[in-house]
Amino acid sequence: MGFNYWSLGLIHREVHEMTRSCLIIGEEIAALRAAKDLASLDIPVTLINPSKELGETTQLLQRGFSEQPSNGNILQSHIKELQSNSNVTILNDAQVTKVIKNHSPFEVEIHHNNTSENLTGDVIILATGFEPFDASNISSYGYGFLEGVLTIFDLEKALREKNLPINEKTERIIFILCVGSRTIQANPDCSAFCCSYSINQTLRIKQQFPDIEVVVMYMDIRTIANQEFLYNKARKKRVLFIRGRPAAIDQGAGKFIVNYEDSLAEEQESLPADLVILTIGGMPAPASGKITTSLGVQQTPNGFIEVTEKPVGTSVPGIFVCGSAAEGVKNVWQSLSEGGAAAMAAIRFLKETKK
Amino acid sequence: MIESEKLSINVKYLDSDSLAIISECMQCGICTSVCPKRHVSKYNPRMIIHSALLGHALSMDDLTDCLTCGHCFEQCPQLIDFPNFIRESRAQVVLNEENFAHHNIFNLLHIFMSQMTESGLNFSYDGDIEPKSNIAYFPGCIDLFDRFLDLQKTNFHQIGQSAINIMNKVGIKPNLISLKCCGHDAYWTGDNESFEKMREYNTQVIKNADISTLIVSCAECYYSFEKLYDLEDIKIQHIAQFIEDHQNSLVFKEENTTVSYHDACRLGRFMKEYDSPRNVLKNTGVKMVELENNKENCTCCGVSAWLKCDDRARAIMLQKLEEATATDASTLVVGCTKCFAHLNCIMEDREPQHSYQIHIKEIGTLVDELSSKK
């Protein structure tokens with residue numbers, strides 16, 4: 001339903017005649033989606049992955065959205081499909097070292113397996129993702145030297161490896177939202193995924209430890225679209241929400257003391273906690289900035305890649321961008337659809353520039 | 001834990017069921033924006049929910065200022081039943097006597113009545129009564145109001161008399177059933193023990209009476225018998241609904257008068273009965289105009305369950321009179337004996353702010369005055 005096989009056949013025939021290739025730079029879900037869609041139409045794709053394995057950042061992100069069981073493991077299914085598709089070449093731990101030709105057909109030099117090689121592509125899709133905000137930049141939160149102050153990604157790792165720093169003495173866990181996000185001092189934008197992501201974590205903690213008080217300190221709750229169910233469920237499970245951005249985390253007698261203003265009650269308060277979880281957002285990935293500059297692609301003032309032609313076009317014809325690299329951090333579902341959109345835009349470009 | 005010395009009721013003692021009622025609050029504040037008490041004070045339902053969820057203590061005023069009028073519930077995007085939270089919380093503390101109007105008499109009456117072996121409400125009305133009738137009428141507490149409320153110009157007894165007159169006019173001789181108080185106020189002040197006793201007694205009497213219909217004049221009785229009792233297939237009717245069913249058996253004298261109608265919370269927002277009273281009024285031939293705030297937005301009469309009849313309650317009552325006199329109507333019709341009591345009380349206030357040119361009339365009484373037997 002909703003998928004037109006007849007038109008797919010037409011696209012298939014046309015692109016097949018092109019026999020031209022595509023370079024995808026990045027490893028997040030948007031990159032994988034774009035690769036999957038292009039490869040399914042027999043367009044040869046080279047996936048240049050700067051990380052050790054595919055989907056590293058997405059792996060962290062997607063758990064925040066997999067509460068609905070029907071979603072399955074979207075990341076693993078993509079990786080599996082790409083690995084078995086002969087149209088896809090995956091180069092893990094590969095870095096673009098030089099841009100040789102910055103207009104279509106593009107040519108770049110990459111470093112991979114201790115050797116350098118040149119790759120060409122008629123189109124480039126940039127899906128370089130984001131880098132988690134470095135929480136130690138906010139020294140008053142004590143990340144990095146206060147044991148028991150963790151980021152959501154540290155917590156995610158602990159949840160997954162089942163070694164949460166929680167014991168019978170743990171009474172209260174405080175989540176602080178928007179750490180490094182929505183501030184001119186770091187990332188001025190909302191990182192979009194983090195509210196849903198951390199509220200999902202509160203639910204998993206509540207499920208395992210119903211007697212531990214879980215408090216979320218927020219400025220706004222942005223569980224967008226259908227993710228609102230997480231927020232509703234958390235309130236039902238008695239996760240407590242306090243509106244206020246804490247200024248500092250102090251060390252008390254065996255506990256952390258979080259100082260904040262309850263801005264709904266207009267009261268200056270402090271609350272002891274055994275664990276403090278910093279809900280960090282995302283910053284532009286540095287590697288992304290480098291390659292973007294070499295390719296001559298315009299950037300936003302915050303350092304993400306500018307989408308000059310919505311939804312996925314950049315300032316350079318033949319270079320498309322999708323996912324968190326495109327103007328700001330996205331959640332998994334947005335990245336997924338942008339990956340699909342970038343594949344479609346690439347096909348259109350190939351068709352229009354056919355000799 | 002956060003402690004607050006000035007407050008008296010520690011929410012930690014509230015059971016988790018009461019907190020579950022409010023746990024889904026998103027703190028949007030729509031409840032406070034429509035709260036009638038907020039319009040005349042700093043009462044803040046949103047803030048009370050916030051404090052309760054964070055484990056802060058609540059004050060006695062937090063629990064007793066609420067009118068349980070349901071404006072908040074009507075608007076809440078999460079359908080949080082704040083009045084019910086207040087009720088549950090009241091049930092877990094002892095409400096101070098000074099919060100009750102009329103020297104706590106009505107609260108004590110509930111306790112007395114619940115302990116008595118018989119109804120304790122003895123009625124005497126003119127007209128045809130048939131103890132074996134399968135249609136019963138219960139006047140409620142109105143005769144007690146005559147005895148305890150010092151109102152010179154207000155006749156509560158007439159409400160029951162008019163209801164019986166109307167029934168007689170349409171050819172029905174009701175069984176004047178002798179129940180205890182319906183328990184509404186005991187229930188809403190959190191006196192579950194008295195309420196359960198009265199409910200038990202009344203249920204027994206009603207079931208033994210072999211009736212098919214129970215007619216009441218008070219919105220609170222109607223709500224209580226419908227929602228708080230389990231009377232199975234016995235039909236509960238408010239007097240307005242009864243009149244609507246039988247209005248073709250009445251003839252109305254021509255009366256060139258204009259009336260407005262006040263939707264009592266228990267009849268309106270709680271029972272969603274907006275149409276019957278309006279149909280009845282229109283059918284009598286009088287001209288009916290709406291108050292500025294009507295139906296689900298109709299503002300509360302100012303007091304409920306005899307709690308907190310203070311200056312702020314009187315301010316709400318005066319607002320109601322202002323609203324009623326802003327229309328062309330010379331009479332404000334009510335379908336609840338409590339609204340009738342509160343609004344007449346403010347009319348007879350010894351130090352009136354203004355002299356309001358309006359009559360407060362109970363719907364059955366008005367229909368009785370205008371109608372005769374066909």
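Model, not experiment: these values are computed from the prediction. Every chain is numbered from 1 and lettered A, B, ... according to where its sequence line falls, protein lines coming before strand lines.
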For [X], I'd like to know if atom [atom1] has over 12 heavy atoms of other residues, nucleotides or ligands within 6.0 Å.
X	atom1	answer
B:E98	CD	yes
A:E161	CD	yes
A:K169	NZ	no
B:E193	CD	no
A:K237	NZ	no
A:K310	NZ	yes
B:E196	CD	yes

So, taking the atom named [atom1] in [X] and the one named [atom2] in [Y], what distance separates them when rounded to the nearest 0.5 Å?
X	Y	atom1	atom2	answer
B:M26	A:Y231	CE	OH	6.5 Å
B:H50	A:I242	NE2	CD1	6.5 Å
B:C25	A:F241	SG	CZ	11.5 Å
A:R238	B:E24	CZ	CD	11.5 Å
A:E269	B:L54	CD	CG	8.5 Å

Is a donor on one side and an acceptor on the other found under 3.5 Å between the side chain of B:R46 and the backbone of A:L264?
yes
Please give me the minimum heavy-atom distance between A:K236 and B:S23, naming the atom from each residue.
CA-OG, 3.8 Å
Of the listed A:D262, A:V239, A:V215, the one with the largest count of heavy-atom pairs under 4.5 Å with chain B is A:D262
Evaluate the criterion side-chain contact (heavy atoms from CB on, under 4.5 Å) for residue pair A:N232 and B:Q78; output intermediate values, then yes/no.
CA-CA 9 Å; A:N232 287 335; B:Q78 296 292 317; 3.8 Å; yes
